[in-house]
Amino acid sequence: MEIVILDDSEKVAERAADILEDYVRRGATLGLATGSTPLHTYQALIRRHREEGLSFADCHTFLLDEYIGLSAQHEQSYRETIRREFTRHIDIPDAKVHGPDGSAEDLQAAAEMYEQQMAAAGGIDIQTLGVGRNGHIGFNEPGSSLVSRTRVKTLHPHTVQDNARFFGSPQDVPIHALTQGLGTITEAGHLMLLATGETKAEAVAAMVEGPLAAVCPASVLQLHPRATVICDEAAAAHLKYRDYYRAALATKPSWQHH
Ligand code: F6R
């Protein structure tokens with residue numbers, strides 16, 4: 001795991017955009033997270049598209065997860081959110097923006113189909129991730145199997161509470177979601193997890209320095225040969241080895257990849 005600690009959330013976004021830009025230039029398949037954390041990164045990429053001609057025309061994108069019970073057109077569905085916040089501002093056709101179908105009648109079949117779609121695209125080259133306060137990634141809440149595949153999960157009450165800010169009231173937040181499993185996520189070639197703000201400090205410490213355990217789903221990054229965690233000072237505050245991570249970054253050889 002490479003731990004990159006930067007001063008603030010803007011630097012986190014620019015660093016994440018730098019990494020993603022390399023993949024975009026190769027026409028890669030991008031795994032996208034929704035939520036607040038990657039928004040500045042998506043804005044940085046939109047700016048690079050507008051001002052520097054960065055083209056996404058050869059890329060495919062796959063969402064991590066989707067609420068169950070909202071139509072794809074619902075303004076809070078993750079499909080619509082990613083369209084509004086990111087993909088409609090760049091040159092990627094809508095047909096290349098994929099997400100699990102949370103409105104399907106047969107959700108198990110929808111989950112299996114999503115796995116097949118990702119496989120048919122050759123897998124995810126780089127998966128962008130946020131982390132929940134309780135260590136979830138995607139909607140893999142504590143207790144999720146470390147080898148799980150795309151399936152239905154029940155949101156933890158804290159997650160419902162955290163996501164209520166996007167809805168009229170907590171009662172309006174769906175409590176079920178279709179999410180890529182931890183086994184699915186770890187098949188991506190590169191995992192890039194972003195964390196900003198002090199509310200994430202405990203989850204970041206558990207993920208990076210705690211035991212590999214289903215109780216902290218994000219700890220599955222420890223099993224991945226290429227995982228980059230980019231966080232601001234506030235989110236890094238509980239890391240015991242943060243000085244070492246800073247030193248390793250400062251002395252990183254130029255031949256070592258991101
Ligand atoms: C979003 C997702 C979630 C979020 C996490 C953090 O697709 O899968 O795991 O990444 O809940 O959310 P924010 O970034 O809003 O703090």
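Every number for a ligand or one of its atoms is a count from 1 in the order of the listing. Remember, predicted model here, so these are calculated numbers, not experimental data. Heads up: numbering here begins at 1 and tracks the sequence. Keep in mind that the numbers below use all heavy atoms, side chains included, and drop hydrogens, waters and symmetry copies.
A salt bridge does not link Arg83 to Glu75: none of the charged side-chain nitrogens sits closer than 4.0 Å to a carboxylate oxygen. Salt bridge status for Glu2 with Arg226: absent, with no side-chain N to carboxylate O gap under 4.0 Å.
In this structure, Pro100 and Thr179 have side chains that are not in contact, with every pair of non-hydrogen atoms separated by 4.5 Å or more. Using a 4.5 Å heavy-atom threshold, the side chains of Glu233 and Asp8 count as separate.
Ligand-side atoms of ligand 1 in range of Leu64: 8 (O), range being under 4.0 angstrom from any heavy atom. Within the listing of ligand 1, atoms 1 (C), 2 (C), 7 (O), 8 (O) sit less than 4.0 angstrom from a heavy atom of Asp65. Interface of Gly130 with ligand 1, defined as ligand atoms under 4.0 Å from a residue heavy atom, comprises 10 (O). Atom numbering of ligand 1 starts at 1 in the shown order; those under 4.0 Å from a heavy atom of Gly138 are 2 (C), 3 (C), 8 (O), 9 (O). The ligand atoms of ligand 1 that sit less than 4.0 angstrom from a heavy atom of Tyr78 are 7 (O).
When atom types are taken as modelled, the side chain of Glu198 and the backbone of Ala235 share no donor-acceptor pair closer than 3.5 angstrom.
Of all heavy-atom pairs between Gln73 and Glu80, the closest is O-CG, 3.9 Å.
Looking only at protein heavy atoms, the nearest one to atom 6 (C) of ligand 1 is Val131 O, 3.4 Å. For atom 15 (O) of ligand 1, the closest non-hydrogen atom on the protein side is Ser36 N, 2.8 Å. For atom 11 (O) of ligand 1, the closest non-hydrogen atom of the protein is His136 NE2, 2.7 Å.
Residues passing the side chain to side chain donor-acceptor pair (under 3.5 Å) test with Asn134, sequence neighbours excluded: His136, Glu141. Residues meeting the salt bridge (charged side-chain N to carboxylate O under 4.0 Å, His left out) test with Glu105, sequence neighbours left out: none.
No part of Asp162 comes within 4.0 Å of ligand 1, judged by heavy-atom distances. Within the 4.0 Å heavy-atom criterion, both parts of Thr37, backbone and side chain, lie near ligand 1.
Heavy-atom distances between Arg165 and ligand 1 reach below 4.0 Å in at least one pair. Residue Lys200 places a heavy atom under 4.0 Å from ligand 1.
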